[in-house]
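Structure first, commentary second.
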Amino acid sequence: MRITILTLFPEMFTGILENSIIKRAIAKGAVEIKLVNIRDYTTDKYGRVDSAPVGGGAGLIMKCQPIIDALKANTTDESKVFMLSPKGETYSQSFAHKIKDEIKDLVLLCGHYEGIDERVNKYVDGFISIGDYILTGGEIGAMTIVDSVVRLLDGAIANESIEEETFEDGCLEYPQFTEPYEFEGQKIPDVLYSGNHEAIKKWRRKQSLKETREKRPDLFNKLDLSKQDKKLIKELDDGVVGDWETKAIEKGKKFIK
């Protein structure tokens with residue numbers, strides 16, 4: 001996959017591109033990432049890329065000429081150009097998958113200041129918003145998109161890690177623990193020491209449903225619950241431990257430290 005980022009501040013991306021998963025994905029050839037400085041394309045003799053809005057108003061607006069010339073120089077017929085903008089669809093995990101599955105040449109345009117000349121819109125394929133709040137520019141949004149898409153690419157991280165992550169099945173992820181078994185009075189749930197993989201999977205699903213219902217009811221209300229999900233939710237509502245969990249714990253007691 002190829003990702004091109006058009007920005008006035010390419011130096012902002014140094015950290016994200018030279019560390020962790022993205023660095024590894026680049027090294028493996030899973031993704032090629034190119035930073036384009038919009039300022040390099042201005043024809044203004046003073047090197048300006050912004051100007052006061054016509055008709056008056058606060059702040060400065062990014063000029064159309066340098067952006068459009070930068071797009072023309074760095075896109076092909078296969079490119080899909082997205083502008084970071086509050087006008088766009090709110091970004092989500094499903095959106096990340098769509099980009100990963102359907103786009104081979106992604107171009108992200110980062111706005112700055114008070115906005116971008118409206119005439120640039122003709123040259124983009126869509127808009128993406130990462131949330132209903134204001135940032136100084138589109139760079140942080142672009143980093144978010146790059147990170148979320150690249151980690152889905154083959155070879156970036158283990159497939160099983162992706163499959164069990166938050167949002168992959170519409171739920172928040174289940175609680176995770178590390179040794180020791182007890183720390184300051186808090187113990188790891190005994191079922192996780194049972195050695196019963198089916199019971200552990202079922203417990204994790206139950207906790208995932210619990211976390212989602214409590215912390216993100218908006219997500220929970222969209223779930224297509226299975227028969228087993230409904231039984232697990234009933235256990236939560238009744239405040240009971242299922243027989244399946246009790247039996248698994250009893251058989252696995254010898255593993256508990």
Side-chain angles (χ1 to χ4, degrees), residues 1-18 21-44 47-50 61-113 115-131 135-157 162:
M1 184 178 194
R2 176 185 172 91
I3 301 175
T4 303
I5 303 168
L6 274 63
T7 173
L8 291 175
F9 302 96
E11 64 275 7
M12 289 181 66
F13 294 85
T14 301
I16 190 173
L17 298 183
E18 295 184 357
I21 292 170
I22 294 179
K23 180 180 180 180
R24 186 162 63 245
I26 293 172
K28 288 183 175 181
V31 65
E32 176 187 349
I33 299 178
K34 180 181 180 181
L35 297 174
V36 175
N37 192 333
I38 296 169
R39 198 176 299 277
D40 292 342
Y41 292 86
T42 184
T43 57
D44 185 275
R48 292 197 63 177
V49 293
D50 53 63
I61 304 298
M62 290 178 67
K63 293 182 175 183
C64 60
Q65 175 274 315
I67 295 175
I68 292 172
D69 283 354
L71 285 171
K72 288 179 177 178
N74 292 280
T75 58
T76 68
D77 291 341
E78 293 184 346
S79 302
K80 292 295 180 182
V81 182
F82 287 91
M83 182 191 298
L84 278 295
S85 168
K87 299 176 183 178
E89 178 182 344
T90 302
Y91 196 62
S92 64
Q93 187 68 5
S94 60
F95 204 148
H97 275 283
K98 184 176 181 180
I99 291 174
K100 177 254 184 183
D101 294 336
E102 300 179 8
I103 299 176
K104 298 301 181 185
D105 187 0
L106 174 66
V107 179
L108 299 174
L109 171 58
C110 304
H112 218 81
Y113 310 123
I116 293 176
D117 188 307
E118 189 74 10
R119 290 169 291 186
V120 172
N121 293 356
K122 178 182 175 182
Y123 298 85
V124 306
D125 297 294
F127 304 88
I128 301 176
S129 169
I130 62 165
L135 296 174
T136 304
E139 284 76 16
I140 293 175
M143 292 178 200
T144 300
I145 294 166
V146 170
D147 186 272
S148 62
V149 171
V150 169
R151 66 196 319 282
L152 296 176
L153 299 176
D154 292 341
I157 60 176
I162 294 174

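Values reported hereafter were calculated over all heavy atoms of this structure, with side chains retained and with hydrogens, waters and symmetry mates removed. Residue numbers run from 1 in the order of the sequence given.
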Rounded to the nearest 0.5 Å, what's the gap from [atom1] on [X] to [atom2] on [Y]? Could you check?
X	Y	atom1	atom2	answer
M12	L35	CE	CG	11.5 Å
L153	I3	CG	CD1	7.0 Å
S94	E89	OG	CD	7.0 Å
D125	L109	CG	CG	11.5 Å
N37	T7	CG	OG1	7.0 Å
L17	I5	CG	CD1	6.0 Å

Counting neighbours of [atom1] on [X] that are heavy atoms of other residues, nucleotides or ligands and sit closer than 6.0 Å, is the number greater than 12?
X	atom1	answer
E78	CD	no
K100	NZ	yes
K98	NZ	no

Smallest separation among heavy atoms of [X] and [Y], with atom names:
X	Y	answer
L6	T4	CD1-CG2, 3.8 Å
S85	S129	O-CB, 3.3 Å
A25	V150	CB-CG1, 3.6 Å
R119	D117	NH2-OD2, 2.7 Å
K63	D44	NZ-OD2, 3.3 Å
I157	R151	CG1-O, 3.5 Å

*Before giving the answer on side chain to side chain contact (heavy atoms under 4.5 Å, CB included), spell out for L8 and D50 the whole-Å C-alpha distance, their side-chain angles and the decisive distance to 0.1 Å.*
CA-CA 11 Å; L8 291 175; D50 53 63; 5.7 Å; no
Keeping the roles fixed (side chain from [X], backbone from [Y]), state whether a donor-acceptor pair exists under 3.5 Å.
X	Y	value
T42	R39	no
S79	V81	no
D147	M143	no
Q65	T43	yes

*Parallel, tilted or perpendicular, as decided by the 30° and 60° cut-offs, for the rings of H112 and F9*: tilted
Check whether any side-chain heavy atom of [X] lies under 4.5 Å from a side-chain heavy atom of [Y], and answer yes or no.
X	Y	answer
V149	M1	yes
Y123	I67	no
F95	I145	no

*Residue pair I22, F13: steps toward the side chain to side chain contact (heavy atoms under 4.5 Å, CB included) verdict*: CA-CA 11 Å; I22 294 179; F13 294 85; over 6 Å; no
*Distance only, no hydrogens: is a donor on one side chain within 3.5 Å (strictly under) of an acceptor on the other, for Y91 and S148?*
yes
*For side chain to side chain contact (heavy atoms under 4.5 Å, CB included), just list the numbers for V107 and L71, CA-CA rounded to whole Å, side-chain angles, deciding distance to a tenth of an Å, and then say yes or no.*
CA-CA 9 Å; V107 179; L71 285 171; 4.2 Å; yes
*Run the numbers on L135 and L84 for side chain to side chain contact (heavy atoms under 4.5 Å, CB included), then give the verdict.*
CA-CA 11 Å; L135 296 174; L84 278 295; over 6 Å; no
